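A short write-up of the structure that comes next.
What you are looking at is a predicted structure, and each value in this text was computed from that prediction instead of being measured. Residue numbers start from 1 in every chain, and the chains themselves are labelled A, B, ... in the order their sequence lines are given, proteins ahead of strands.
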Amino acid sequence: MMEAVQAIRGMNDILPEQVGWWQGIESAAREVLENFGYREIRTPVAEKLELFSRGIGQSTDIVEKEMYAFEDRNGDWLALRPEATASIVRSYVQHGLHAESGCRKLYQIGPMFRHERPQKGRYRQFHQIDAEVFGLDGPMIDAEMMHMLSLLVERMGISGVGLHINTLGCPTCRQGYREVLKSFLAERAEGFCEDCLRRRDTNPLRVFDCKVKSCAELLESAPQLIDYICDDCRAHFGAVRQFLDKLGTRYAVNPRIVRGLDYYMRTTFEVITDRLGSQNAIGGGGRYDGLVRDLGGPAVPAVGFAMGMERLVLLLEQEKEKPSRYPRCFIASLGEQARVSGFLLSQQFRARGLETEMDYNGRSLKSQMRRADKSGARYVLILGEEELARREIQLRDMVTKTQRIVPLENIFETLLAVDSEK
RNA sequence: GUGGGUGUAGCUCAAUUGGUUAGAGCACUGGGUUGUGGCCCCAGAGGUCGUCGGUUCGAGCCCGAUCACUCACCCCA
């Protein structure tokens with residue numbers, strides 16, 4: 001035997017047994033998003049590398065060490081997209097979508113790529129549901145988006161998750177806070193772990209995300225961003241919270257939600273579960289008013305979020321029964337002539353919209369019945385040479401175990417009539 | 001990128017201190033009814049024991065390397 005080729009590490013097949021979960025999640029997402037006025041946009045999985053280094057941030061982990069970047073045959077540097085926002089913004093700018101109206105709501109569902117060490121809930125090819133709103137800078141849309149995210153999770157049948165929100169301030173007021181925090185970290189340097197000391201220089205806000213106990217304890221006395229942000233940012237955050245309260249959306253303010261992408265400002269949020277081990281965020285996002293301009297477009301404000309579909313599937317597997325589908329009808333046949341007639345019959349049934357299965361191998365009736373049973377079909381049509389000669393067919397109801405002989409003519413209508421009596 | 005755990009049939013797992021031909025359950029195929037499913041009975045098929053190398057008279061078992069999976073760190077969805 002030749003050695004079989006394996007799938008790429010961290011890139012998984014979604015087998016027919018699992019695909020029902022994915023379809024359920026996707027249709028729930030489309031339904032809710034479209035209901036809120038979002039329209040689908042499909043962008044390529046590869047972009048120029050520059051788009052992500054400019055968009056996501058040069059010093060972020062994603063750009064620094066997780067991107068699938070490569071030189072193509074023309075010598076251009078490309079990358080498989082590690083997230084959707086930069087691509088959507090690129091497309092929005094390139095096609096002048098900002099010209100059409102004040103506000104634009106877009107969504108995308110598809111694969112993303114990051115070269116990380118795989119673990120539960122984290123893969124190298126993973127799938128996101130991503131939504132973005134362009135052109136609105138007020139707090140109302142921030143609240144609506146988080147409200148919608150809660151509905152989305154609920155509509156998918158997932159419970160026991162929490163919405164955590166925070167504000168990062170705007171680039172101006174955050175800069176002041178960064179300096180204050182940096183000096184706080186410098187004063188107490190000996191108490192913090194190595195990672196936190198490294199973060200002090202790269203991205204000081206991320207220390208709040210540290211899981212080391214001693215760091216968390218020290219940070220309790222740290223200066224809080226909320227005390228340093230400007231009046232406009234404070235008012236924005238206050239209004240977001242008021243709207244969420246009025247919408248009845250439950251949330252917790254969590255100063256640890258700082259996000260790892262450079263473009264976020266003001267509102268940030270995550271949907272968190274305690275049932276997935278360490279990969280506990282099933283969705284997250286925030287406001288990024290500066291990104292469109294940074295990518296060469298007009299100064300259009302924006303908010304967006306992404307959800308991790310693998311994590312949603314993991315949660316659904318924990319609490320719901322696996323969705324499955326069954327053909328309505330199975331055609332069993334005996335003898336070559338009858339098999340051909342059964343084959344043609346199955347095509348007619350399908351053409352009329354009835355999900356129909358059959359046995360193509362010409363095996364024993366017993367084995368065909370076994371297959372019919374396993375397929376979950378409610379009805380089995382049995383066609384032998386005897387029935388064929390008399391222009392008849394056996395119609396068996398697998399649930400009631402009753403069987404009768406009916407005319408072959410108009411068998412489709414007969415089957416529908418029998419089925420509608422149930 | 002760092003650390004821990006695990007690799008035996010399609011799946012879940014066995015295999016005495018290293019000892020002849022590596023087993024079971026589920027799933028699969030056929031039979032038990034000249035043409036009838038779930039339960040039961042019988043039979044069959046399915047493995048280079050992840051891979052390569054080493055130790056040994058002898059390795060599924062011990063050692064090393066490598067690959068993969070997995071969990072955690074990191075980071076994030």
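Counting non-hydrogen atoms of other residues, nucleotides and ligands closer than 6.0 Å to CD of Gln337(A) gives a total of 12 or fewer.
Under 3.5 Å, the side chain of Glu387(A) and the base of rG35(B) form at least one donor-acceptor pair of N or O atoms.
Glu386(A) is linked by a salt bridge (Lys or Arg N to Asp or Glu O under 4.0 Å) to nothing, counting only residues two or more places apart in sequence or in another chain. Checked against side chain to side chain donor-acceptor pair (under 3.5 Å), Ser159(A) has the following partners two or more places apart in sequence or in another chain: Glu319(A).
Within the nucleic acid shown, Tyr123(A) comes within 4.0 Å of at least one base atom, counting heavy atoms only. Within 4.0 Å (heavy atoms only), Ile282(A) reaches sugar-phosphate atoms of the nucleic acid but no base atom. Heavy atoms of Gly10(A) sit under 4.0 angstrom from primed sugar atoms or phosphate atoms, though from no base atom. Using a 4.0 Å heavy-atom criterion, one finds that Glu17(A) contacts no nucleic acid atom at all. Residue contacts for Gln403(A): at a heavy-atom cut-off of 4.0 Å it reaches a base atom on one of the strands shown. At a threshold of 4.0 angstrom between heavy atoms, the contacts of Ala306(A) are confined to the sugar-phosphate backbone, with no base atom among them. Residue contacts for Gln279(A): at a heavy-atom cut-off of 4.0 Å it reaches a base atom on one of the strands shown. Looking at heavy-atom distances under 4.0 Å, Gln6(A) makes no contact with the nucleic acid at all.
We find that CZ of Arg396(A) is positioned 6 Å from C1' of rU36(B), with the value rounded to whole Å. If you measure from atom NZ of Lys401(A) to atom P of rG38(B), you get 10 Å, rounded to the nearest angstrom. Atom CZ in Arg81(A) sits about 13 Å away from atom C1' in rA77(B), given to the nearest Å. The nearest whole Å value for the distance from the CG atom in Asp359(A) to the P atom in rG35(B) is 15 Å.
Residues Gln394(A) and Leu381(A) have side chains not in contact (no heavy-atom distance under 4.5 Å, counting atoms from C-beta outward). For the pair Thr267(A) and His236(A), the minimum side-chain heavy-atom distance is below 4.5 Å. Two residues are said to be in side-chain contact when any heavy atoms from C-beta on lie closer than 4.5 Å; Met148(A) and Tyr38(A) meet this criterion.
Taken to the nearest 0.5 Å, the CD atom of Gln279(A) stands 9.0 Å off from the OH atom of Tyr123(A).
When each of Gly285(A) and Leu365(A) is assigned the nucleotide of RNA chain B with its nearest heavy atom, Leu365(A) is the one assigned upstream, toward the 5' end. Mapping Thr400(A) and Gln128(A) onto RNA chain B by nearest heavy atom places Thr400(A) closer to the 5' end of the strand.
Side-chain contact of Tyr107(A) with Glu34(A): a donor-acceptor pair under 3.5 Å is present, judged by distance alone.
The side chain of Gln119(A) contributes an N or O atom lying less than 4.0 Å from OP1 or OP2 of rA72(B). Look at Ser278(A) and you'll find a side-chain N or O under 4.0 angstrom from OP1 or OP2 of rC73(B).
Salt-bridge check for Arg378(A) with Asp419(A): failed, with every basic side-chain N at 4.0 Å or more from each acidic carboxylate O. A salt bridge links Glu413(A) with Arg352(A); the closest basic N to acidic carboxylate O contact falls under 4.0 Å. Under a 4.0 Å N-O distance rule, the pair Glu144(A)/Lys105(A) qualifies as a salt bridge.
When distances run from any side-chain atom of Arg9(A) to the nucleotides rA77(B), rG37(B), rC69(B), the shortest one goes to rC69(B). Listed nucleotides rG1(B), rC76(B), rG37(B) differ in distance to Arg122(A); the shortest reach to its side chain belongs to rG1(B).
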Identify all side-chain donor-acceptor contacts of residues 360-367 of chain A below 3.5 Å with residues at least two apart in sequence or on another chain.
| unit_1 | atom_1 | unit_2 | atom_2 | d |
| --- | --- | --- | --- | --- |
| Tyr360(A) | OH | Arg350(A) | NH2 | 3.4 |
| Ser364(A) | OG | Ser367(A) | N | 3.2 |
| Ser367(A) | OG | Ser364(A) | O | 3.4 |

Return the polar atom pairs (N/O with N/O) between nucleotides 25-31 of chain B and the protein under 3.5 Å, or none.
| unit_1 | atom_1 | unit_2 | atom_2 | d |
| --- | --- | --- | --- | --- |
| rC28(B) | OP1 | Lys374(A) | NZ | 2.9 |
| rC28(B) | OP2 | Lys374(A) | NZ | 3.4 |

Do any N or O atoms of the protein come closer than 3.5 Å to N or O atoms of nucleotides 3-12 of chain B, and which pairs are they?
| unit_1 | atom_1 | unit_2 | atom_2 | d |
| --- | --- | --- | --- | --- |
| rG3(B) | O6 | Arg117(A) | NH2 | 3.3 |

Applying the Watson-Crick and G-U criteria (both distances under 3.5 angstrom) with [ ] for crossing and | for other-strand pairs, one obtains for RNA chain B (((((((..((((.....[...)))).(((((.......))))).....(((((..]....))))))))))))....

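Checked against the 6.0 Å centroid criterion, the rings of Phe330(A) and Tyr379(A) do not qualify as a close aromatic pair.
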